[in-house]
A.B. asks: 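A single structure is presented below for examination.
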Amino acid sequence: MNIVILTGSPHRGGTSDYLAERFEEGAKRVGNRVVRFDTAFMNVGFCRGCNRCEGGLKDCVLKDDFELMKPELLDADVIVFAMPLIYYGVPGQLKCAIDRFYGIDFGLRKKQKSVVLLLTCGEIHEERCISVTSEYQLMNEYFGWYDLGKVIALGSMNRELIEKTQYGDEAYELGRKMVRE
Ligand SMILES: Cc1cc2nc3c(=O)[nH]c(=O)nc-3n(C[C@H](O)[C@H](O)[C@H](O)COP(=O)(O)O)c2cc1C
């Protein structure tokens, strides 16, 4: 399968990077093709809401690194969102990229896609992650995507802490489950 990982952290070697790496390791182990885009290191502008793309019927007026992501996202069987919780929400860099989905909105519904959420945070109560988990769920309903699983790494303020937990192994095992039914 074609798997696209979108990360949202500016920390190379940070906690969400760690989960993304472990997931990728597992997914490649069972023969998947994995492409990763680190949005924090890319030039992806915010959607202007100008509607000149008409929801993906025409080209977006912005010409930036989202052009690189477009073909991979359209062709993906699975999209993985890997991010830290930032002020109880999706980090800005990744949200910018997600908002640009509008430019390929129709295309993203054409091919049946599945999704995965890898989330890290300092919080120890999962309900405090509701802004991210509910956005993920509502987006899945909107696009008609199927949730293949989540790793919500609570109490994972930094790499040292997360490496002491089971979350890395959970991400790896989720990656290994990425096989066509
Ligand atoms: C600006 C900023 C805001 C944050 N906001 C939250 C938050 O609202 N809730 C939380 O549990 N952790 C919060 N954190 C902690 C991060 O989610 C946590 O450190 C995470 O492991 C960072 O992931 P990374 O290493 O992949 O960047 C915040 C961190 C930063 C830098």
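Whatever order the structure lists them in is the order used to number ligands and atoms, beginning at 1.
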A.B. asks: Among all protein heavy atoms in this structure, tell me which lies nearest to atom 5 (N) of ligand 1, with the distance rounded to 0.1 Å.
C.D. replies: Tyr87 N, 2.9 Å
A.B. asks: Cation-pi check, Arg48 to Phe46: give yes when NZ or CZ is under 6.0 Å from the six-membered ring centre and within 45° of the ring axis, no otherwise.
C.D. replies: yes
A.B. asks: May I ask you to list the atoms of ligand 1 that are less than 4.0 angstrom from any heavy atom of Ser16?
C.D. replies: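 Going through ligand 1 atom by atom, the ones under 4.0 Å from Ser16 are 24 (P), 26 (O).
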A.B. asks: Using a 4.0 Å cutoff against the non-hydrogen atoms of Leu85, which atoms of ligand 1 qualify?
C.D. replies: 4 (C), 5 (N), 6 (C), 7 (C), 9 (N), 10 (C), 11 (O), 12 (N), 13 (C), 14 (N), 16 (C), 17 (O), 28 (C)
A.B. asks: Atom 29 (C) of ligand 1: which protein heavy atom is closest, and how many Å away?
C.D. replies: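 Result for atom 29 (C) of ligand 1: Ile86 CD1, 3.7 Å.
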A.B. asks: Heavy-atom distance under 4.5 Å between the side chains of Phe37 and Val35, does that happen here?
C.D. replies: yes
A.B. asks: Identify, by atom number and element, the atoms of ligand 1 in contact range of Gly122, meaning under 4.0 Å from any of its heavy atoms.
C.D. replies: 10 (C), 11 (O), 12 (N)
A.B. asks: My understanding is that we take every heavy atom of each candidate and find the minimum distance to atom 21 (O) of ligand 1. Doing that for Ala153, Gly8, Ser156, which one comes out nearest?
C.D. replies: Ser156
A.B. asks: Should Pro84 and Cys121 count as side-chain neighbours, where that means a heavy-atom distance under 4.5 Å?
C.D. replies: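 No, side chains not in contact.
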A.B. asks: I need the nearest protein heavy-atom contact for atom 23 (O) of ligand 1: residue, atom name and distance, please.
C.D. replies: Thr15 OG1, 2.8 Å
A.B. asks: Identify, by atom number and element, the atoms of ligand 1 in contact range of Tyr88, meaning under 4.0 Å from any of its heavy atoms.
C.D. replies: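 Answer, ordered by atom number: 7 (C), 8 (O), 9 (N).
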A.B. asks: Less than 4.5 Å apart, side chain to side chain, heavy atoms only: is that true for Met178 and Phe23?
C.D. replies: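 Yes - at least one pair of side-chain heavy atoms lies under 4.5 Å apart.
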A.B. asks: Taking the inter-plane angle between the rings of Phe101 and Trp145 on a 0 to 90° scale, is it parallel (under 30°), tilted (30 to 60°) or perpendicular (over 60°)?
C.D. replies: perpendicular
A.B. asks: For residues Ser131 and Tyr88, report the shortest heavy-atom separation together with the two atoms involved.
C.D. replies: CB-O, 2.8 Å
A.B. asks: For Glu173 and Lys177: C-alpha separation, side-chain torsions, deciding distance, then whether salt bridge (Lys or Arg N to Asp or Glu O under 4.0 Å) applies.
C.D. replies: CA-CA 6 Å; Glu173 287 308 324; Lys177 282 196 196 144; over 6 Å; no
A.B. asks: Under a 4.0 Å heavy-atom limit, does Pro10 contact ligand 1 with its side chain, its backbone, both, or neither?
C.D. replies: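 The answer is neither; Pro10 stays 4.0 Å or more away.
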A.B. asks: Only heavy atoms of Thr120, strictly under 4.0 Å: list the atoms of ligand 1 that pass.
C.D. replies: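 Matching atoms, with element in brackets: 17 (O), 20 (C), 21 (O), 23 (O).
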